Protein chains: 2
Amino acid sequence: MNIGEAAGRSGLPAKTIRYYEDIGLIKPLRDANGYRAFRESEVQKLAFLGRARALGFTIEDCRSLLQLWEKSDRESADVKRIAEEHLTTIEEKIAELTTMHASLTRLVAACAGDDRPDCPILLDLAAEEARPEPVTDDVR
Amino acid sequence: MNIGEAAGRSGLPAKTIRYYEDIGLIKPLRDANGYRAFRESEVQKLAFLGRARALGFTIEDCRSLLQLWEKSDRESADVKRIAEEHLTTIEEKIAELTTMHASLTRLVAACAGDDRPDCPILLDLAAEEARPEPVTDDVR
DNA sequence: ATCGGGGTTCCAGCCGCTGGAAGGTCAAGG
DNA sequence: CCTTGACCTTCCAGCGGCTGGAACCCCGAT
């Protein structure tokens, strides 16, 4: 099986597959003509990698997960630990984005968005007494 | 004012300030000895950039925002549009992360995390009938 | 013989810094 | 006057995870 078919079956672009070989995630054989020769097991690995990446695991996490997957005497605790750490990372990112989102939403709401130059968003970024107003209860 | 003080006042690392000059966000003067000479206005710009970056704006967005900030005949609509588009980007990222979070949380919960090899996380990544069980109502 | 659609390698670029090497400048202290 | 040490300078490389492109090879069909 050539790289094109492996790409089609695994759902990964051929470029990505070559890259994964480059960094040692997979080691396909070679045909006499130099073409990569993928076995079923490699396509499985590629699909595994695609799903792990879709869950946001780093390449290094993927490498570890792949090794654990291959190793029949693994301990599920090792897998779980990786997943839990990744979960924490995701939570941190979500928290950061949520904070940004809250600030931006407030600023966007306060901005008239018309042809006049006055803009609470720029005032906030300039930190010149940015807070729009002390607000009243009806806001929330 | 040298770069060290500008860094201290703006809250940005000196390295980042040099980089910002490199890509044309600021244009500090130079002393006779070749040292960058920062004016107050440049420190203000740097702080502005720091806050914009903290809100997750891209460098190109920052460039646009900075230009609008400088331009007294701006229209707040231009600022607002940039902010709204960025808000959409943030929302997409949050959505993506939230999806990952949900999947991972389910998988982590299903994994025993002990010394045995059986692991629903790996099963899911391998896509071999991953769903743990049809579950009953008490789960949620 | 030629053409199109595969495949190959290698290098560069994306984003936004960050680290490090190799060197210049300056004020203070011996 | 010399040294020390803290600052400053430029330039190059690397992070993650690909992605695009150039320049080339291979293979089957016409």
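Computed from a predicted model, the values in this text were never measured in an experiment. Proteins get letters first, then strands, A, B, ... in listed order; numbering begins at 1 in each.
Axis angle across the helix from C:dA1-D:dT30 to C:dG30-D:dC1, with five pairs used at each end and values rounded to 10°: 40°.
Contacts of residues 16-39 of chain A with DNA chain C (heavy atom under 4.0 Å): A:Arg18, A:Arg30, A:Gly34, A:Tyr35, A:Arg36.
Not one N or O on the side chain of B:Asn2 forms a donor-acceptor pair closer than 3.5 Å with the backbone of B:Gly4. At distances below 3.5 Å, not a single donor-acceptor pair connects side-chain atoms of B:Thr16 with backbone N or O atoms of B:Leu12.
Using a cut-off of 4.0 Å between Lys/Arg side-chain N and Asp/Glu carboxylate O, B:Lys27 and B:Glu42 are scored as not salt-bridged. At a threshold of 4.0 Å, the pair A:Arg9-A:Glu40 counts as salt-bridged, since one of the basic side-chain nitrogens sits closer than that to a carboxylate oxygen. Remark: B:Arg63 engages B:Glu60 in a salt bridge, criterion side-chain N to carboxylate O under 4.0 Å. For the pair B:Arg36 and B:Glu21, the salt-bridge criterion is met [side-chain N within less than 4.0 Å of a carboxylate O].
Ring geometry for B:Phe57 versus B:His86: interplanar angle of 30 to 60°, hence tilted.
Not a single donor-acceptor pair, N or O on each side, falls under 3.5 Å between the base of D:dG17 and the side chain of A:Lys15.
Atom CD of A:Glu96 is surrounded by 12 or fewer heavy atoms from other residues, nucleotides or ligands within 6.0 Å. Environment of CZ in B:Arg39: crowded, with over 12 heavy atoms of neighbouring residues, nucleotides or ligands closer than 6.0 Å.
Taking 4.0 Å as the cutoff to heavy atoms of chain B, we find the contact window on DNA chain C bounded by C:dG16 to C:dC26.
In terms of position on DNA chain D, the residue among B:Gly4 and A:Gly56 whose nearest nucleotide sits closer to the 5' end is B:Gly4.
In this structure, A:Glu5 places its CD atom 17 Å from P of D:dC27, rounding to the nearest Å.
Between the side chains of B:Asp118 and A:Ser76, not a single donor N or O lies within less than 3.5 Å of an accepting N or O.
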